[in-house]
Structure formats: C-alpha cells, structure tokens
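Report on one structure; see the data block that follows.
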Amino acid sequence: RVIIHIDIDCFYAQVETILNPSLCGKPLGIKQKNIVVTCNYEARALGVEKLMSIKTALEKCPSLVLANGEDLKKYRDMSEKIYQILQSFSPFVEKLGLDENFIDISHKINKSPEIKPEVSGHIFEEKNSDETCACGCTDRLKEGSIIAQEMRNQLKSELGITSCAGIACNKLLAKLVGATHKPNQQTTLFSASSLNLMKSLKHPRNIPGIGSAMNRKLEVLGIDTIEKLQATDLFKLIEALGVKTANQIQQLSFGIDDSHVKITDRPKSIGAEDGFPTIKSETEVRKKLKCLLDRVWELVEKDGRRPSQVKLTVRKLHATNHSVRETRQTAIDLTTGVPSNAPLGPLSENQEKKVITTLMNLFEKVVNCDESWQVTLLGISF
DNA sequence: ATGGATGAG
DNA sequence: CATTCTCATCCAT
C-alpha cells in the first residue's frame with residue numbers, strides 16, 4: 001500500500017492567522033481557560049510550549065498574543081474544507097482529530113509508468129536509500145510523494161494552509177516519518193529503513209497506540225525501549241497485556257501495521273462541554289446546561305439526525321483535591337408533536353424543557369444531594 | 001444499553 | 001501527572 005499522512009502545522013494558530021492576518025509574524029498562543037493549548041512557531045522560538053499555563057507563557061514571552069480557542073467552530077469549519085480537498089484525491093480518507101488525515105492512494109499508483117518518478121521532499125535516511133526494493137514499492141512510494149506534494153500544494157493555494165506529510169507503506173510508518181521534518185515539509189520512508197525509523201523513537205510511549213496507561217504497564221515489565229519491546233518474549237507480554245494487545249504492540253514495535261484507512265463518516269456522537277472554577281447550586285447547573293444545549297444544538301441541527309440518547313458529563317472536585325469525571329446517559333424522545341422524519345429544526349420550547357429536565361435527572365444521579373458538592377465541568381452530548 | 005478506561009489531537 | 005474540548009474504541013457490567 002501507499003499511505004499518506006497529512007498533519008497541519010500548528011493548526012489552531014494557522015486558522016486564527018488566516019481569520020486575522022494582522023497576527024502574521026507575531027508570537028501567537030491559543031488559549032483555553034488557563035492554558036495555552038497550542039502556539040505558532042514564533043511563540044515556540046520564544047519559549048512558549050503546548051499546554052503551558054497562561055501565566056508562565058506570558059512570563060516567558062511578554063509579547064505573546066492570545067486568541068481564544070474555547071469554541072471549536074472555526075477549526076471544525078477549516079478541518080472540513082481540508083477533508084474535502086483530500087477527498088478529491090482519493091475516497092479513502094480517515095480523519096484523526098481536526099488537523100490530521102490518513103489517505104490511502106494505493107489504487108492511484110501507476111502500474112507501468114513511462115517515466116520513473118523522482119521523489120518529492122525528503123527521504124528518511126537518504127544516505128542509506130540507494131537500494132531499490134525488489135517488490136516495486138520504492139517506485140510506488142516515490143509516486144506517492146509526488147501526490148502528497150500535490151495535496152499540500154492545493155491546501156496552500158486554496159486555503160492558505162501549510163502542512164507536513166509522511167509517505168510510507170502503512171499508517172503507523174506514514175505518521176511517524178512525516179514528523180521527522182517539520183514544519184511545512186514532507187518525508188518518504190522506503191521500507192528498508194522501517195526498523196531504523198522505529199528504533200529512532202527510543203521510547204515505546206512514542207508509538208501511536210501506546211498511551212500513558214500502557215506505558216506504565218510496560219515499565220513495570222522493565223520495557224523502556226523499542227528494542228526491548230521487540231525482544232520481549234511474546235508469552236510474557238501476553239500474560240501481562242492479553243493476547244490481542246500483546247500481539248498488536250509487538251507488531252507495531254517492528255513497524256508492522258495492517259490496519260486499514262477507515263473512511264471517516266458522520267460522528268457517532270456530538271457534544272459540547274465547558275469547564276469553570278466551581279459551581280455549587282442546581283440553579284447554576286441548569287443555567288450552564290441551557291447555554292451548552294444552545295451550542296450543541298447548533299451542531300446537531302447542522303448534522304440533521306434526530307438524537308435518541310443524551311449523555312451528561314460532570315467533573316466533580318474530589319475530596320483529595322483531584323477531579324473525577326463521571327457520565328450518565330439515557331434515551332430521549334424528541335419526536336413528540338412532529339413527524340419522526342421531519343427535518344430537524346431549531347429547538348422548540350417543549351424540546352428544550354424536555355432535554356433540560358432529563359439532564360437534571362441525570363445530574364441528580366451524579367451528585368449526592370445530601371453532601372455538599374463542587375462541580376468544575378459540565379458537558380452534554382447526543 | 002450503560003459507564004469507565006484508554007487513546008487520539 | 002493533568003491541565004482544554006472534544007471524539008472513538010474497547011471492555012466489564
């Protein structure tokens with residue numbers, strides 16, 4: 001296969017700069033509550049980092065400009081335009097978050113090209129890449145790099161968006177190799193270098209699919225390098241992690257990934273949440289929920305499907321000074337009074353009342369009415 | 001079906 | 001460590 005991974009450079013910051021060109025060239029941070037969730041390269045050069053507190057960021061970089069990124073609408077809109085452009089190259093596009101996409105272009109590769117393509121962009125380990133693989137994948141990947149370049153050119157010319165691309169024979173390797181030259185560059189991995197790319201990661205945690213929880217389990221087993229993960233006896237790994245996970249992550253450690261590019265269809269849930277210092281009365285909760293409901297309903301209306309379930313998310317301040325998220329969900333019938341296949345319109349007064357009542361019932365299942373409680377986040381999803 | 005754990009950006 | 005604001009998948013119940 002030929003898989004391309006496209007990753008937009010500091011996505012939120014690029015969107016803000018396109019919306020407000022006067023930000024161009026200035027250090028820019030995107031703020032959500034007390035945190036700089038991401039920032040542009042100018043800000044990074046001045047010491048600002050992802051997920052840094054606003055306070056620290058401004059100490060490090062007093063000239064930092066902040067844009068509020070709590071409402072994701074602008075980013076969703078741009079993400080959709082990017083997806084549309086990529087889809088014009090291949091129907092097999094999988095979205096990962098708002099700013100990354102995998103594209104399978106295997107079917108577009110010319111079986112017998114008149115002219116052997118040269119590669120566009122970087123080659124991973126260029127010096128060791130003079131061998132041409134007998135199976136023909138080297139030429140296919142070269143052709144893939146040309147297509148990736150065309151995708152990135154089009155994102156730039158039509159949307160003004162710069163991006164990175166990785167080109168490889170599977171999703172894992174495409175994503176990893178694309179990150180080796182940033183920003184606004186692309187890198188192709190020829191299969192002979194796969195193991196070297198994997199070993200260059202150093203820590204198992206850097207493998208997509210190995211998160212913090214699994215990393216802790218691996219550390220308990222004394223596995224703290226890719227090479228140790230490769231060398232661990234599979235039966236020992238199965239004991240600790242189960243057959244499925246053990247096999248999967250050991251395969252990944254060798255750069256093997258058979259997972260398909262899964263076409264992204266409509267989301268299975270649509271939600272909105274809001275965090276705040278603390279609230280402690282049901283009246284305040286009701287008010288927050290109404291506000292959230294208005295925001296979610298915009299998205300639900302655009303989606304067009306009639307919700308059949310509601311879920312409430314609550315983050316409580318636990319005694320031990322750390323917070324815990326809990327969710328409660330239930331079925332909801334929003335069809336009363338309208339034909340069940342009528343187009344979804346704005347929330348009627350009756351519907352709003354029904355949703356809020358349902359949510360307050362769910363809320364009472366989360367909080368212990370007798371004891372005092374502090375809530376620091378509420379979320380609604382359908 | 002429900003809710004938590006875990007993973008992604 | 002999580003912190004923000006989402007969404008998906010897997011698993012136990």
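Reminder, nothing fancy here: chain letters follow the sequence lines and each chain counts from 1. A quick note: this is a predicted structure, and the numbers were derived from the prediction, not measured.
- Residue A/Asn184 holds its CG atom at 8.0 Å from NZ of A/Lys156, rounded to the nearest 0.5 Å.
- Every residue meeting the ring-ring contact (aromatic ring centres under 6.0 Å, His included) condition with A/Phe92, not counting sequence neighbours, appears here in chain and number order: A/His107.
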Each nucleotide in nucleotides 2-9 of chain B should get exactly one letter: B, S or -. Can you fill that in based on protein heavy atoms under 4.0 Å? SBS-SSSS
What one-letter contact string describes nucleotides 8-13 of chain C from 5' to 3', where B marks a base within less than 4.0 Å of any protein heavy atom, S marks contact via sugar-phosphate atoms alone, and - marks no contact? SS----
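- A straight line from NZ of A/Lys73 to C1' of C/dC5 spans 16 Å, rounded to a whole angstrom.
- Listed by chain and number, the residues in a ring-ring contact (aromatic ring centres under 6.0 Å, His included) with A/His203 amount to none (sequence neighbours excluded).
- With hydrogens and angles disregarded, a donor-acceptor distance shorter than 3.5 Å links the side chain of A/Ser90 to the backbone of A/Asp104.
- We find that CD of A/Gln32 is positioned 9 Å from P of C/dT4, with the value rounded to whole Å.
- One can place CD of A/Glu70 at 10 Å from P of C/dT4, the figure rounded to the nearest angstrom.
- With sequence neighbours left out, the side-chain hydrogen bond (donor to acceptor under 3.5 Å, both in side chains) criterion links A/Ser88 to no other residue.
- Separating the C1' atom of C/dT4 from that of B/dG3 is a span of 22 Å, rounded to the nearest Å.
- In this structure, CZ of A/Arg315 is placed 6 Å from P of C/dT3, rounded to the nearest angstrom.
- In this structure, A/Leu378 atom CG and C/dT4 atom P are separated by 13 Å, rounded to whole Å.
- For the pair A/Lys50 and A/Leu292, both in contact range of DNA chain C, the more 5′-proximal nearest nucleotide belongs to A/Lys50.
- For A/Ser200, there are no side-chain hydrogen bond (donor to acceptor under 3.5 Å, both in side chains) partners at least two apart in sequence or on another chain.
- With sequence neighbours excluded, no residue satisfies ring-ring contact (aromatic ring centres under 6.0 Å, His included) with A/Phe190.
- Applying the side-chain hydrogen bond (donor to acceptor under 3.5 Å, both in side chains) criterion to A/Lys287, with sequence neighbours excluded, gives no partner residue.
- In this entry the distance linking CG of A/Asn68 with C1' of C/dC5 reads 12 Å, nearest Å.
- Among residues two or more places apart in sequence or in another chain, the ring-ring contact (aromatic ring centres under 6.0 Å, His included) test is passed with A/Phe11 by none.
- Look at CZ on A/Phe382: it is 16 Å from C1' on C/dC7, rounded to the nearest Å.
- For A/Arg76 and C/dC7, the shortest distance from a side-chain N or O to OP1 or OP2 is below 4.0 Å.
- In this entry the distance linking OH of A/Tyr75 with P of C/dC5 reads 12 Å, nearest Å.
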